[in-house]
Amino acid sequence: MIPSLKLSCLTLYFCFLFSFATWAKNTPAQAIDSILIERPLTYKDINDQLKFFQRDSTKVKNAIARFKKEKYFTGVSYESIKLGNIYRKHALYKRSLAMHQEALTYAKRAKNQEFEIFSLNMIGVDFRKMNAYESSIDFHTKALAIAEKVQNPSNGILRSKEVSYNSIGNVYILLEQHDLAIESFKKASAIAEKSGNRWSVSINNENIGKTYEKIGQYDEAILYVEKALVIDTELGNHFGRMICYNRLASIYLKKNNLRKAKEYIEKATPIAKSVNSDFYILLIAINKGKLAFANKMYDEAESIYLLSLEEVQEKDLKDLQTSLHKYLSLLYEVSGKPAEALMHYKKYQTLEAELTGLKKAQYINDLIIKYESVKKSEKIKNLSAENRISELKHQRQENVWIIISILASLALISVYLFYRQRQLKSEKNILDLEQRLMRFQMNPHFIFNALNAIKLYVIQNEKKNAVYYLNKFSKLMRKILESSLSKQVPLTEELDTVALYLQIENIRFNEQITSIIDIETDYDLDKVPVPSLFLQPFVENSLWHGLLPKKEGEKVINISVEEQKNHLLIEVKDNGIGRKEAEITKSKRKLDKKSVGITITKELLDNFYKKYHYDCSITYTDLVDAHGDSTGTLVIIAIPKK
C-alpha cells in the first residue's frame, strides 16, 4: 500500500512540474521569444502560438514593440492587425484604420503577400464601418487583385479572397445593390468550398438568404438559409444554428406562416441565452413582438417593442431603432391610439432619412472625390499627350531640313523615301495621340453634373430616384470604360450608350426631355463599326444649346438611323430654339468658345473612315415652320455601311 502511495505522489509531482513548465512557456514573453527564433511567415503559424493573448491590448502593444526592435516585420503586421481589430470592436474606427494601415506598411516591408492582402481587407472593413463605402470596395478590390495573381495560393490567401467578396457583398446590401451582393456572396462561398471551409460556406449561404429576404424572394431565401442550417448542425455550430433559426423565423413572419415562425423562434431562444448573445436575444425578442402583433396580441407586442426600443437606444443601434418606431406606429394605429402612432411614425421617418442620407450621400461623395482625382490624372495625361504631339511636330520640321541637305548631296530618291517613311510614322503617332486626347476630353463634365444631381435626390430623401439613377449611372460608367479600351465599337452599342447618357442628362432637366431612338432599317447594325463615343457631342449640343434655353412647350430629341444605298444616315433632331437663337443666347451669356468635342469628333470621323477608304459627311439643317420661325435643328451624319 505504501509503495503505491509513493508512486502516486511522484506521479502528481511530475505532472505539476510539466504543467508549470508548459504554463511558463505559454506566457506572452516566452511565446514571443519562441516565435522570434522560428520567425514564421503565415498567419496560421503565428496565430497558433500567439492567439491566447490577442484580446489584451497592452500585451499586443508590447509584442509590437518587441517585434519592431527585432525587425520581425511579419510579426509587426500580425500584431498591428490584432490591435486594430480590438479598436474596431470598441468602435474606435480611426484608431483601427491607423493600425491596419501600419500593418499594411510592415507587410510590404516584409514582402509578405498574405499579410498585405489581409491588411487591405481590414482597411476595407474599417471604411465600411465608417460608412465610406466606395473606399471600402476599393481596398477589398485591391486585396483581390493581388490575391488573384498568386500561383497556388495558401489557405490564408484563399481565406482573404473569401473575406473580400463577403465584405463587398455586405457593402452592396447597405447600398441596396442586391444583385451585386448575391453575386459577391456566391463567389465567397465558392472559394470557401474550394478551401474546405464549411463554416464559411454556411455564413455566405445565410448572407445570400438574408439578401433574398430583403428583395422579397422568400422561397429562395429559405432554400439558402436551410443549406446553412444543415452545415451548422453537422459542425455542431450552435451560434450559426441560432442565426439560421432567427432568419427563418423572420422570413416565415413575412410569408404570414405564423406556425413555422413560432417554431423557429422557440428553437433560437434557448441557444441565444446559452451563448449569452445580447444582440441576438434582442433580435429574437423583436421577432416575438412581430409574432404577437400578427396574432393580434397587441398588449404583448407593445410590451416587447417598448422594452426592445429601450435597449437599442441604450446600445445606439440606429437600424433597429428605426424598425421599432415603424412597428410601434403600426401597432398603435391598429389598436386605436393615433397620437402615439403619429409620434412613432415621425421618429421613424426622421431616423430613416438620417440613415438613408448617411449611406447614399457618403457613397456619392466618395464617387465625386474619386472622379475629381481621376479627372486630374486625365488632365496630366492630356498635357503629356499634347507635349508629345508638339515634340513630334518639331521633330518633323527638323527632318525636313535634314532631307533638304541630303537632297543636296544627290541622294534624292533614297532620301525622299527615307523621309517619307519617317513622316508617315510621325503622322501616325500624332493621329493616335490625338485620338487618345479625344477620349480623355469627350466626357468630362456631364459625369460630374449627373453625380451632383443624384446627390440632390439623396439630400431631398428621394430614395427610389437616387437608387434608380445611381444604377443607370453605374451602367453608363461601365460602357464608357469599356469603350475607352477600343477605338471602335458596333453602332448598336454606341446607340445604347447614348440612350443611357440621355437618361442621366434628363436628371438636370427635371425629366422634361422626351428622347426617342428609331431604327428604321433592317440592316445589321452590329456589323457597322464606328468610333467609340462619337455621337455624344452632337446629342450634348442638342440638349444644352437647343433644348435647355427653350422656355415653353415639349422638349424632344429624336435619334434615328436610316439606310441609303451605300450609307447609313444617323439623324439627331431636336425641337429646340435653333442655331441662330442659340448663338444669340451664348453671346448674351458671353460664352464665345467653340465645341471642342464636335471639332475633335469631325477630325476623328474623317481619319477613321479615311483608314477604311470610305467617305463620311456631317450636315446641319435649321428647321423652320411656315412663318419662317425656327423649330429646331437637324444634324445628319452619313457613314458607310461597311
Side-chain angles (χ1 to χ4, degrees), residues 173-176 178 209-219 221-222 225 245-266 268-269 272 278-361 457-468:
I173 287 178
L174 291 167
L175 296 171
E176 298 179 11
H178 298 112
K210 174 176 65 178
T211 312
Y212 276 124
E213 180 191 357
K214 286 182 178 292
I215 58 178
Q217 296 184 25
Y218 301 131
D219 291 337
I222 291 169
V225 177
Y245 288 145
N246 189 58
R247 179 66 57 200
L248 288 167
S250 175
I251 297 168
Y252 279 114
L253 279 168
K254 290 176 181 176
K255 285 173 68 73
N256 203 31
N257 188 335
L258 305 185
R259 183 184 63 81
K260 293 286 285 185
K262 181 181 179 182
E263 175 187 333
Y264 284 115
I265 288 172
E266 289 174 349
T269 302
D278 292 341
F279 181 72
Y280 274 96
I281 290 171
L282 181 59
L283 290 183
I284 294 165
I286 293 172
N287 275 338
K288 286 181 181 178
K290 288 195 270 186
L291 180 63
F293 177 79
N295 284 316
K296 298 183 180 180
M297 300 165 63
Y298 299 137
D299 290 341
E300 182 180 342
E302 179 185 19
S303 175
I304 293 171
Y305 286 158
L306 290 175
L307 285 173
S308 299
L309 181 61
E310 184 178 340
E311 188 171 345
V312 298
Q313 286 173 338
E314 182 182 336
K315 296 180 183 297
D316 196 29
L317 300 172
K318 289 288 176 59
D319 284 336
L320 292 180
Q321 283 185 55
T322 306
S323 299
L324 283 165
H325 282 301
K326 180 181 178 182
Y327 301 151
L328 282 164
S329 175
L330 292 171
L331 173 66
Y332 287 130
E333 183 180 355
V334 299
S335 58
K337 297 178 180 179
E340 289 88 341
L342 180 61
M343 178 190 71
H344 284 286
Y345 184 73
K346 286 181 178 179
K347 289 182 178 180
Y348 158 69
Q349 281 192 316
T350 302
L351 283 169
E352 176 73 7
E354 180 184 333
L355 286 173
T356 302
L358 180 64
K359 292 174 183 176
K360 299 291 191 233
Y457 277 126
V458 172
I459 293 170
Q460 294 174 346
N461 199 28
E462 295 184 29
K463 181 179 177 182
K464 289 184 178 179
N465 284 337
V467 172
Y468 175 79

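Here the structure is a predicted model, which is why all the values come from computation and not from measurement.
- In this structure, the side-chain contact (heavy atoms from CB on, under 4.5 Å) partners of Glu266, at least two apart in sequence or on a different chain, are Lys262.
- Applying the side chain to side chain donor-acceptor pair (under 3.5 Å) test to Tyr212 and every residue at least two apart in sequence or in another chain returns nothing.
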Checking His178 against Glu176 for the side-chain contact (heavy atoms from CB on, under 4.5 Å) test, could you report, in this order, the C-alpha distance in whole Å, the side-chain angles of both residues, the deciding distance, and whether it holds? CA-CA 5 Å; His178 298 112; Glu176 298 179 11; 3.9 Å; yes
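- Although no hydrogens or angles enter the test, the distance criterion places no donor-acceptor pair under 3.5 Å between the side chain of Thr322 and the main chain of Tyr348.
- Partners of Ser308 according to the side chain to side chain donor-acceptor pair (under 3.5 Å) rule, which considers only residues two or more places apart in sequence or in another chain, do not exist here.
- At a threshold of 4.5 Å between non-hydrogen side-chain atoms, the residues Ile265 and Ile284 count as touching.
- Contacts of Glu311 classified as side chain to side chain donor-acceptor pair (under 3.5 Å), with partners at least two apart in sequence or in another chain: none.
- With sequence neighbours left out, Met343 forms a side-chain contact (heavy atoms from CB on, under 4.5 Å) with Lys347.
- Taking Tyr468 as the reference, nothing meets the ring pair (Phe, Tyr, Trp, His ring centres under 6.0 Å) condition, with sequence neighbours excluded.
- Looking at heavy atoms from C-beta onward, Tyr327 lies in side-chain contact with Ile286 at the 4.5 angstrom threshold.
- Residue Ser335 holds its OG atom at 10.5 Å from CG of Leu330, rounded to the nearest 0.5 Å.
- Contacts of Tyr218 classified as ring pair (Phe, Tyr, Trp, His ring centres under 6.0 Å), with partners at least two apart in sequence or in another chain: none.
- Closest non-hydrogen pair, Leu291 versus Ala261, comes out as CD1-CB, 4.5 Å.
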Atom pairs and distances, side-chain donor-acceptor, residues 247-258, under 3.5 Å, sequence neighbours left out:
unit_1	atom_1	unit_2	atom_2	d
Arg247	NE	Glu206	OE2	2.9
Arg247	NH1	Glu213	OE1	2.9
Ser250	OG	Glu213	OE2	2.6
Lys254	NZ	Glu213	OE2	2.9
Lys255	NZ	Asp219	OD1	3.1
Asn257	OD1	Lys260	N	3.2

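- Within the model, atoms CG of Leu320 and CG of Leu351 stand 11.5 Å from one another, a figure rounded to the nearest 0.5 Å.
- Residue pairs meeting the side-chain hydrogen bond (donor to acceptor under 3.5 Å, both in side chains) criterion with at least one partner in residues 337-346, sequence neighbours excluded, are His325-His344, Tyr345-Gln349.
- If you take CD1 on Ile304 and CG on Leu328, they are separated by 11.5 Å, rounding to the nearest 0.5 Å.
- A distance of 9.0 Å separates OH of Tyr245 from CD of Glu263, quoted to the nearest 0.5 Å.
- With sequence neighbours left out, Lys210 forms a side chain to side chain donor-acceptor pair (under 3.5 Å) with Asn207.
- A search for salt bridge (Lys or Arg N to Asp or Glu O under 4.0 Å) contacts involving Asp299 returns nothing, not counting sequence neighbours.
- Residue Ser329 holds its OG atom at 9.5 Å from NZ of Lys326, rounded to the nearest 0.5 Å.
- One finds the OH atom of Tyr280 at 11.5 Å from the CG atom of Asn287 (value rounded to the nearest 0.5 Å).
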